[in-house]
Structure formats: structure tokens, C-alpha cells
Amino acid sequence: MDRMREVGELIAGVREALRAMVEPGITTLELNAVAEKMMRDAGAIPTFIGYKPHGMVPFPYAICASVNEQVVHGFSNDIPLKEGDILSIDMAATYNGFVGDTATTIPVGEITDELKQLIRVTEECLDLAIAECRPNNRVGDLGAAVQEHAEKFGYGIVRDYTGHGIGRHMHEAPQIPNYGRRGTREKIRAGFVFAIEPMLNLGTHETKTLDDKWTVVTKDGKASAHAEHTVAITPGGPEILTLTREQKAKLKKDKSERVSA
Ligand code: MG
């Protein structure tokens, strides 16, 4: 668990460095290069590079960079991001034999209120799923929490891709769908670590894959947002591993202020 904490903090630092760089004019190839360098300088391996599920071509980049209607697994390129775009970045690192996985959707300059809400609700869905990460709850409770919230806004919930267990490998059992019924699927126990990752679409939940065999887009071309944390289940509840030291300190402070209030 200590090693999972280390890699979680490491990858969170990369995520926040990229967040600070996103602005109109920057390219996803530039962001990818920074992410790869940060991971390697820290002694970590970019887990995505060369990742090759059965029957697939190896993934070529350190990050998945998915713009607007791209849902996940987007390739980095030299097209400058423009004002009003949203960029979903998904990334994973392997360090000391353990993997951390995180994703976030970042506005490029000023974006529409419609897109702001999509990003906000996606993050709220992630928080609600994390709150369900308690021993003796079930994996279906996480999906139900995401689904209940997302459907209030009429968003399409991506079904073709799910969260997952994580540890020595990026993708371990169980699958963690972003929809479902409470009280169903695997029982959660202390010591489990999950990568939880709701993906919400403005329109249909349906997706298709482009000719590059990786990039997933919404079928109707409407925008999609993504949020992911690696979360450990402790006897007392969830511990988010993919936070920077500063974010952890702030979370602790907010919690103690809530208690004293
Ligand atoms: Mg993941």
C-alpha cells in the first residue's frame, strides 16, 4: 500500500503539472513530452507506452489526450488546442512495481457553461463513487452512485469502458462499471485498490473507435468528459492515492474544519 501511495502521488504531480500548462496554442504532443519526461526523471515507467491488449496495436504515447468528442485513448498530435476546447488527459505510471492511474478533463481557455457543467458533474460522479468505497459495500454501489447523479443531467454514461482494480498491473479485477444497481457485484474489502473513472457524454452513451484502432469518440460527435482517481479501500473508508501532497494536506484541513464546525 505504501508503494501504491508513492506512485499515486507521483502521477498526481504529473497531472497537475499538465493542468497548469493547458492553454490555447499548446499541443498535446508537447504535453505528452512533459509527462513522459516527468515520469522517467522520477524513475517511473509511463505505463501506457507499448500497452497492448490482446489483438491491439501497442499504444504509442505516455498520455491519452482526448479532445472534445474524443472519449478516451486519444493520440497526441501537433494540432494546437484552441479556446473553448476541453482536453481529457488520462495517464498511468509504474513505480517500484506498482501502478497509479488518473484522468481529468481540463478546459482550454474559456469554455461554454454547458461544458463546465459536464466537467463538474463528471467530477461529482467520481466523488460520489469514491464515497461508496467502504468495506462490505459492493461494486454495484459505485456504479449506481454515478448513474443516479449523471442521469439527473441527462448525460450519456459510457458503458464500453469501465474502471478497474489496480495494483501490480494497470488493469486487474474487478471491472467497475459507471452504471448499475446497489447491492450487486463484488463485495468490497479493505486492501482493495480501484481505479474509478466515470466518462460522461453530453449526448449518447454510444462510442466508436477511429481507424487508428485506439481513439474512442462519441457516436454523435458531442463532447465527453472523464475523471479518474486510484483509490485504496481502508477499514475506515476510501483513501484517494492520486493526490499531490498539497492536495492531501488541503483535504485533511477541509475535513478537520468540517468536524470542528
Ligand atoms: Mg484507468
Evaluate the side-chain proximity of [Y] to [X]: yes if any heavy-atom separation is below 4.5 Å, no if none is.
X      : Y      : value
Leu87  : Leu31  : yes
Glu6   : Asn96  : yes
Ile166 : Glu172 : no
Val71  : Val217 : no
Glu124 : Leu126 : no
Val108 : Glu83  : no
Pro24  : Lys82  : no
Glu9   : Arg245 : yes

Working to the nearest 0.5 Å, report the span between [atom1] of [X] and [atom2] of [Y].
X      : Y      : atom1 : atom2 : answer
Gln147 : Asn178 : CD    : CG    : 9.5 Å
Glu246 : Thr244 : CD    : OG1   : 4.5 Å
Ile176 : Glu228 : CD1   : CD    : 9.5 Å
Tyr51  : Phe59  : OH    : CZ    : 11.5 Å
Leu202 : Asn68  : CG    : CG    : 10.0 Å
Thr122 : Tyr155 : OG1   : OH    : 7.0 Å

Apply salt bridge (charged side-chain N to carboxylate O under 4.0 Å, His left out) to the pair Glu257 and Lys252, showing each step before the final yes or no.
CA-CA 9 Å; Glu257 278 170 7; Lys252 212 171 168 185; over 6 Å; no

Would you sort out whether Val57 and Lys52 count as a side chain to side chain contact (heavy atoms under 4.5 Å, CB included), showing the intermediate values?
CA-CA 6 Å; Val57 293; Lys52 187 183 175 304; over 6 Å; no

Closest heavy-atom pair and its distance - [X], [Y]:
X      : Y      : answer
Ala62  : Ile49  : N-CG1, 3.6 Å
Ala93  : Val7   : O-CG2, 3.3 Å
Ala92  : Met39  : O-SD, 3.7 Å
Val146 : Ala129 : CG2-CB, 3.8 Å
Leu81  : Glu23  : CB-O, 4.3 Å
Asp101 : Asp90  : OD1-OD1, 3.2 Å

Sort and list the pairs that fulfil salt bridge (Lys or Arg N to Asp or Glu O under 4.0 Å) and have at least one residue in residues 29-40, not counting sequence neighbours.
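Pairs touching residues 29-40 that pass the test: Glu36-Arg40, Lys37-Asp41.
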
For side chain to side chain contact (heavy atoms under 4.5 Å, CB included), just list the numbers for Lys208 and Val216, CA-CA rounded to whole Å, side-chain angles, deciding distance to a tenth of an Å, and then say yes or no.
CA-CA 6 Å; Lys208 61 181 182 184; Val216 176; over 6 Å; no

Same cluster (ILVMFWY, side-chain, under 4.5 Å), [X] and [Y]:
X      : Y      : value
Met1   : Phe192 : no
Met91  : Val34  : yes
Ile240 : Val139 : yes
Ile233 : Leu243 : yes
Val67  : Ile86  : no

Holding to ring pair (Phe, Tyr, Trp, His ring centres under 6.0 Å), I want the full list of residues that pass it with Tyr61, two or more places apart in sequence or in another chain.
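By the ring pair (Phe, Tyr, Trp, His ring centres under 6.0 Å) rule, Tyr61 matches Phe75.
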
Can you list everything that forms a ring pair (Phe, Tyr, Trp, His ring centres under 6.0 Å) with His73? Sequence neighbours excluded, please.
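Result, ring pair (Phe, Tyr, Trp, His ring centres under 6.0 Å) vs His73: Tyr161, Trp214.
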
Judged by modelled atom types alone, do [X] and [Y] share a side-chain donor-acceptor pair under 3.5 Å?
X      : Y      : result
Thr242 : His229 : yes
Arg138 : Thr184 : no
His164 : Gln175 : no
Asp78  : Thr27  : no
Arg15  : Thr102 : yes
Thr105 : Ser88  : yes
Thr207 : Asp160 : yes

Begin from the C-alpha positions of Val158 and Asn201 and carry the test side chain to side chain contact (heavy atoms under 4.5 Å, CB included) through to its verdict.
CA-CA 7 Å; Val158 173; Asn201 301 344; 3.5 Å; yes

Heavy-atom neighbours of Lys248 NZ exceed 12 at 6.0 Å
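Enclosed.
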
Would the number of heavy atoms belonging to other residues, nucleotides or ligands and lying under 6.0 Å from CZ of Arg181 be above 12?
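For Arg181, atom CZ is not crowded (no more than 12 foreign heavy atoms under 6.0 Å).
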
Dump the intermediate steps for side chain to side chain contact (heavy atoms under 4.5 Å, CB included) on Leu142 and Cys133, then the final yes or no.
CA-CA 7 Å; Leu142 278 64; Cys133 288; 3.9 Å; yes

Step by step, work out the salt bridge (charged side-chain N to carboxylate O under 4.0 Å, His left out) result for Arg159 and Glu206.
CA-CA 8 Å; Arg159 291 170 169 262; Glu206 290 184 296; over 6 Å; no

Go through Tyr179 and Glu148 one step at a time and tell me if the side chain to side chain donor-acceptor pair (under 3.5 Å) criterion holds.
CA-CA 8 Å; Tyr179 54 89; Glu148 285 158 12; over 6 Å; no

Determine, for Arg19 against Glu16, whether the closest basic-nitrogen to carboxylate-oxygen distance falls under 4.0 angstrom.
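Judged by the 4.0 Å cut-off on N to carboxylate O distance, Arg19 and Glu16 do form a salt bridge.
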
Evaluate the criterion salt bridge (charged side-chain N to carboxylate O under 4.0 Å, His left out) for residue pair Lys250 and Asp254; output intermediate values, then yes/no.
CA-CA 6 Å; Lys250 184 175 182 303; Asp254 291 350; 3.1 Å; yes

Measure from NZ or CZ of Arg3 to the centre of the six-membered ring of Tyr95 and say whether it is under 6.0 Å with the direction within 45° of the ring axis.
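Pair Arg3/Tyr95 does not count as cation-pi.
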
